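Worth saying up front: this structure is predicted, and the values here are computed from it rather than measured. Side-chain atoms are counted along with the backbone in the values below, which use heavy atoms only and exclude waters and symmetry mates.
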Amino acid sequence: MKVNLKFLASIREIVGAHEIRFEINPGSTVESLLEVLESRFGAEFKEAVGKPFEDKNPKIMFIVNGRDIDFLKGPRTELKEGDTVVLIPPVAGG
């Protein structure tokens, strides 16, 4: 099944695209998607995202269909055909 992935800021630069359509296995979760992305995009990607489901201050947020996964089932949020997943690194400003 295919999902739409959107990458912002530094993650977009690492991936080399703002948006891609990505093939995943049925029953995949946000957590399993991250594992596949780390494998596909390598060490720089892995370093940039850190351990978002373990870190107290994660380096990245996941939004599925406009909703923060913290308000769904967290990393175990199951993905469906056509879902849009946005990876957002934290933004600082002043």
Side-chain angles (χ1 to χ4, degrees):
M1 76 181 180
K2 293 187 178 184
V3 294
N4 302 304
L5 300 177
K6 293 185 179 185
F7 306 100
L8 302 178
S10 59
I11 302 299
R12 177 180 61 218
E13 293 172 19
I14 293 167
V15 171
H18 171 69
E19 186 172 348
I20 61 173
R21 196 146 164 81
F22 200 75
E23 184 78 31
I24 59 173
N25 293 324
S28 290
T29 63
V30 171
E31 187 171 36
S32 63
L33 171 65
L34 177 61
E35 291 170 7
V36 172
L37 293 174
E38 288 175 341
S39 175
R40 178 169 177 186
F41 295 112
E44 187 178 9
F45 180 88
K46 193 171 184 173
E47 173 72 24
V49 299
K51 297 184 182 281
F53 310 127
E54 298 172 22
D55 294 342
K56 183 177 179 181
N57 295 310
K59 294 181 178 182
I60 194 156
M61 289 176 46
F62 290 85
I63 307 295
V64 175
N65 299 326
R67 296 192 64 202
D68 186 326
I69 64 167
D70 289 344
F71 297 102
L72 300 170
K73 294 182 181 177
R76 291 188 172 75
T77 300
E78 193 169 314
L79 301 171
K80 298 178 276 319
E81 176 76 32
D83 279 353
T84 297
V85 181
V86 183
L87 284 74
I88 304 174
V91 178

Quiz item: Is there side-chain contact between I63 and I69, with at least one heavy-atom pair below 4.5 Å?
Solution: no

Self-check item: Listed once per pair and sorted, the ring pair (Phe, Tyr, Trp, His ring centres under 6.0 Å) pairs that draw on residues 28-50, sequence neighbours left out
Solution: F41-F45

Quiz item: Can you name the residues that form a salt bridge (Lys or Arg N to Asp or Glu O under 4.0 Å) with E23, not counting sequence neighbours?
Solution: none

Quiz item: Are L79 and V64 side-chain neighbours, meaning at least one heavy-atom pair lies under 4.5 Å?
Solution: yes

Quiz item: Side-chain heavy atoms under 4.5 angstrom apart, residues restricted to Ile, Leu, Val, Met, Phe, Trp, Tyr: same cluster for L33 and M61?
Solution: no

Under 3.5 Å, which donor-acceptor pairs do the side chains of residues 1-20 form with other protein atoms, sequence neighbours left out?
unit_1: N4; atom_1: OD1; unit_2: R21; atom_2: NH1; d: 2.9
unit_1: H18; atom_1: ND1; unit_2: F7; atom_2: O; d: 3.3

Throw together a table of side-chain donor-acceptor distances under 3.5 angstrom for residues 46-60, partners on residues two or more places apart or in other chains.
unit_1: D55; atom_1: OD2; unit_2: K51; atom_2: N; d: 3.2
unit_1: K59; atom_1: NZ; unit_2: E47; atom_2: O; d: 3.1

Quiz item: CZ of R76 to CD of E78: how many Å apart, nearest 0.5 Å?
Solution: 12.5 Å

Quiz item: What residue pairs, at least two apart or across chains, pass side chain to side chain donor-acceptor pair (under 3.5 Å) with a residue in residues 62-71?
Solution: N65-D83

Quiz item: Which pairs pass side chain to side chain donor-acceptor pair (under 3.5 Å) with one or both residues in residues 25-45, sequence neighbours excluded?
Solution: T29-S32

